[in-house]
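What's counted below: heavy atoms across the whole structure, side chains too, no hydrogens, waters or symmetry copies. Sequence lines set the chain letters: A, B, ... in the order given, protein chains first and strands last, and positions in each chain run from 1.
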Protein chains: 2
Amino acid sequence: MRFDVLAEPARRRILDLLLERPRAVGELTELLGLSQPGTSKHLRVLRDAGLVAVRKDAQRRWYELRPEPLAEIDAWLTPYRRLWSRRLDALERHLDTMEDT
Amino acid sequence: MRFDVLAEPARRRILDLLLERPRAVGELTELLGLSQPGTSKHLRVLRDAGLVAVRKDAQRRWYELRPEPLAEIDAWLTPYRRLWSRRLDALERHLDTMEDT
DNA sequence: GTCGAATATACGCCGATGGTTATATACGCG
DNA sequence: CGCGTATATAACCATCGGCGTATATTCGAC
């Protein structure tokens, strides 16, 4: 999946909103504070990335979260995660030592 | 930390290269296959984001990884991770069931 | 101090992208 | 069918970011 899809704040905002529950475009538009077409455009990008799915309901489109592609980001982070947590461990050990003295 | 720093493929590439060991600008330039100023520019962005640190050695600048800011990305992923792993669990259970039959 | 090596900064160009307004499409309703 | 509602697409514009070239800077060697 493409990182730049998540680089856009409005799109991360959308994902965060969909974390709670599916929402229609109108609601997202209002919450994001941008134009309806602007919202639709972002939703298109998210849909192409497989991060959201749509359900039709008359004129409404309900967008819901599809978190699976985020696993790729998670996978990319893996080798780094080892490193920063190692440093945190070292920090903790250091602080523990401080406490003793 | 800003997601768009990682949105740029060349910058992720740099981080991946620094995962192995610190490297000088010239080496990175060659490995990335872009101009030296281009490399320096990306390094500037990474430095501003706290993702790399520099050590001077005569004219050489050795860039080394600083993975800590990536923890923010990891944190952002947290609520989503629950969701996709839940789905994976369900898939696994499903596959297990399939095996039985 | 002068030269070459290594890197950083300045600048200009160009394509990508996000935002808006205008318009098309799809649907339920009367 | 004609209308209002909800959303998508088109067209356009402004900004941003990444690229390269040219130039400045810093440092060691001589």
Between B:Tyr63 and B:Arg55, does a side-chain contact (heavy atoms from CB on, under 4.5 Å) hold up when you go through it step by step?
-> CA-CA 7 Å; B:Tyr63 280 84; B:Arg55 271 183 314 116; over 6 Å; no

Qualifying residues under ring pair (Phe, Tyr, Trp, His ring centres under 6.0 Å), relative to A:Trp62, sequence neighbours excluded | none

Selection residues 12-31 of chain B - residue pairs positive for ring-ring contact (aromatic ring centres under 6.0 Å, His included), sequence neighbours left out | none

Answer yes when B:Arg21 and B:Glu27 have at least one side-chain N-carboxylate O distance shorter than 4.0 Å, and no when they do not.
-> yes

Please report the shortest heavy-atom distance between A:Arg81 and A:Asp74, naming the atom on each side.
-> NH2-OD1, 3.0 Å

Axial bend angle, the helix from C:dG1-D:dC30 to C:dG30-D:dC1: five-pair end segments, nearest 10° | 10°

What parts of residues 1-22 of chain A reach DNA chain C, counting only heavy atoms under 4.0 Å away?
-> A:Glu8, A:Arg11

Starting from the 5' end of DNA chain C, give me the residue, A:Lys56 or A:Val45, whose nearest nucleotide shows up first.
-> A:Val45

Pick the nucleotide of DNA chain C nearest each of A:Gly33 and A:Ala58; which residue has the one closer to the 5' end?
-> A:Gly33

Minimum heavy-atom distance A:Leu83-B:Leu19, with the two atoms named | CD1-CD1, 3.6 Å

Would you mind building the protein contact string for nucleotides 7-14 of chain D? One character per nucleotide, 5' to 3', B for base within reach (heavy atoms under 4.0 Å), S for sugar-phosphate only, - for untouched.
-> BBB-B---

Do you know which two heavy atoms are closest between A:Ala49 and A:Pro69, and how far apart they sit?
-> O-CG, 3.6 Å

Students should find that the nucleotides of DNA chain C closing off the region near chain A, any atom under 4.0 angstrom from a heavy atom, are C:dG18 to C:dG28

Between B:Phe3 and A:Arg12, which heavy-atom pair has the shortest distance, and what is it?
-> CB-NH1, 3.4 Å

When rounded to the nearest 0.5 angstrom, what distance separates CG in B:Leu28 from NE2 in B:His42?
-> 11.5 Å

